[in-house]
Amino acid sequence: MKAHHRIIRVEDYEQHVGAETVERILKKAEPLRDLHVVNVNSTYYGGGVSELLSSFTLLMNGLGIKTGWRIIQGSPDFFSITKKIHNALQGESINLSDRKKELYEFIIHQNSLRTHLDHDVVIIHDPQPLPMINHFRKNSPWIWRCHIDLSAPDKETWNYLKQFIEKYDAVILSAREYARELETPQLFFMPAIDPFSIKNRELNEEEIDERLKHYNIPTDLPLVVQVSRFDRWKDPEGVIRAFKLARKEVDSTLVLLGNVATDDPEGDKIYESVLKHREERIIILSCQDSALVNALQRRAEVVLQKSIREGFGLTVAEAMWKGKAVIGGNVGGIRYQIEDGMNGFLVSSIEEAAERIVRLLRDRKLREFLGRNAKESVRKRFLLTREMEQYLDLFSSIEPSFRINYRTPNT
Ligand code: UDP
């Protein structure tokens with residue numbers, strides 16, 4: 001069986017994180033053996049949450065912690081409401097009518113009836129399934145894991161959601177700056193990546209060439225790449241404008257690769273709207289191909305993640321792991337991932353992004369310096385073993401009253 005078709009276990013991480021860390025994790029997992037945990041979110045693919053859950057659930061099962069993953073179902077109407085809520089949590093002001101709230105809560109009620117949760121720990125991801133907590137006689141701790149950039153949520157939407165959030169036993173957010181005024185204890189876990197997945201595993205040059213050729217991506221000029229769902233918060237228009245400014249100084253090819261998650265009804269519209277910029281040196285692709293993500297991030301000279309809001313950019317960590325200098329928007333979680341000028345660049349405008357593209361394309365040594373540091377910072381802070389250990393500590397800290405006695409270390 002090929003190495004990448006093997007179920008990865010925590011022991012496989014030894015080469016990256018050392019034997020001591022692996023030993024420590026195994027030891028922490030031992031008393032939690034047979035704990036039954038369930039995760040609930042709203043899509044199997046497309047976007048960071050599904051990416052995380054697919055690796056995380058397998059690793060936890062490898063430790064003997066029975067960790068499941070359920071998906072809620074909903075009509076396009078439902079997902080257009082939940083996308084509005086998502087946008088509002090990232091700061092857009094919206095008008096959530098009573099009719100929309102009723103439909104949102106009703107679909108979640110239906111999902112709750114057909115989802116039987118009697119696990120030792122229930123982890124609900126993001127706002128889509130949030131109200132499920134209203135429909136269960138809670139016999140165990142329920143945790144709300146919110147992956148969104150909560151630095152400036154729309155007040156009204158937040159106040160509406162708070163009635164559900166405060167029923168949870170704990171809330172996990174991706175960064176301390178997202179902490180809100182809440183009765184519920186708040187913990188902070190940054191997401192992390194799986195270095196063994198098809199998206200992140202080592203590729204040789206032929207494998208990279210094969211993928212790029214398959215999509216007719218020219219490699220005669222340096223590649224500037226952004227991989228992101230087609231979502232306005234990822235600022236694809238800004239990336240194109242920055243690229244157009246940069247190419248006045250240095251020639252290159254831009255590749256925007258995106259996908260559309262099943263719970264994101266705005267994706268197609270955003271994709272259609274950026275398509276008008278397509279030309280010989282601006283390649284815009286919409287497809288779900290993890291090996292292509294890997295190949296592009298590896299072959300790119302410059303990777304962008306020019307988000308306007310970002311809870312945490314998995315794509316940033318993925319590209320940094322491949323030794324790339326990433327130019328990230330100076331927002332949300334990206335600020336915890338990139339240290340400006342040390343392992344990448346943080347930018348606040350199109351002009352700044354253009355200037356950094358030019359600088360990086362002209363300076364191989366700078367690319368290599370930032371890329372080396374980037375890889376090392378992911379190895380230290382953003383591999384899945386770190387997040388797993390936080391979950392293990394959390395599970396061990398649950399008291400019989402469901403009180404959670406966990407404090408996020410100051411890292
Ligand atoms: N992704 C992908 N194909 C695409 C675009 C994105 O596989 O065309 C993946 C990307 O590699 C990453 C995840 O989707 O693993 C996006 O996570 P991120 O945290 O960057 O953003 P989110 O979509 O959760 O806002």
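Reckoned from all heavy atoms, side chains included, excluding hydrogens, waters and symmetry mates. Residue numbers start at 1 and run along the sequence shown. One-based numbering, in listed order, for ligands and for the atoms of each. As the structure is a prediction and not an experimental result, all values here were calculated from the model.
- For atom 23 (O) of ligand 1, the closest heavy atom belonging to the protein is R229 NE, 2.7 Å.
- No heavy atom of H147 sits closer than 4.0 Å to any atom of ligand 1.
- Residue contact annotation: A261 has no non-hydrogen atom under 4.0 Å from ligand 1.
- Looking at atom 21 (O) of ligand 1, its nearest protein heavy atom turns out to be K234 NZ, 3.1 Å.
- For S377 and N343, the side-chain atoms include at least one donor-acceptor pair closer than 3.5 Å.
- The protein atom (non-hydrogen) at minimum distance from atom 14 (O) of ligand 1 is G47 N, 3.7 Å.
- With ligand atoms numbered from 1 in the order given, ligand 1 contributes 15 (O) to contacts under 4.0 Å with heavy atoms of E51.
- Here the heavy atom of the protein found nearest to atom 8 (O) of ligand 1 is G258 C, 3.1 Å.
- In summary, the atoms of ligand 1 found under 4.0 Å from a heavy atom of V293, numbered by their order in the structure, are 2 (C), 3 (N), 7 (O), 11 (O).
- Results of the side chain to side chain contact (heavy atoms under 4.5 Å, CB included) test with F230 over D264, D268, I284 single out I284 as the only residue that passes.
- Shortest contact from atom 24 (O) of ligand 1 to any protein heavy atom: G48 N, 2.7 Å.
- Nearest protein heavy-atom contact of atom 7 (O) of ligand 1 is K199 NZ, 2.8 Å.
- For a threshold of 3.5 Å applied to N or O pairs, the pair formed by L314 and ligand 1 contains at least one separation below that value.
- Under 4.0 Å is where a charged nitrogen must lie from a carboxylate oxygen, and between E368 and R364 at least one such pair does.
- When each atom of ligand 1 is checked for a heavy atom of C287 under 4.0 Å away, the hits are 8 (O).
- For ligand 1 and V227, the ligand atoms under 4.0 Å from any heavy atom of the residue are 4 (C), 5 (C), 6 (C).
- Side-chain contact check for T157 and D154: at least one donor-acceptor pair (N or O, by modelled atom type) lies under 3.5 Å.
- At a heavy-atom distance under 4.0 Å, atoms from both the backbone and the side chain of N259 approach ligand 1.
- Contacts between F312 and ligand 1, counted as non-hydrogen atom pairs separated by less than 4.0 Å, involve the backbone only.
- Here the heavy atom of the protein found nearest to atom 15 (O) of ligand 1 is E318 OE2, 2.5 Å.
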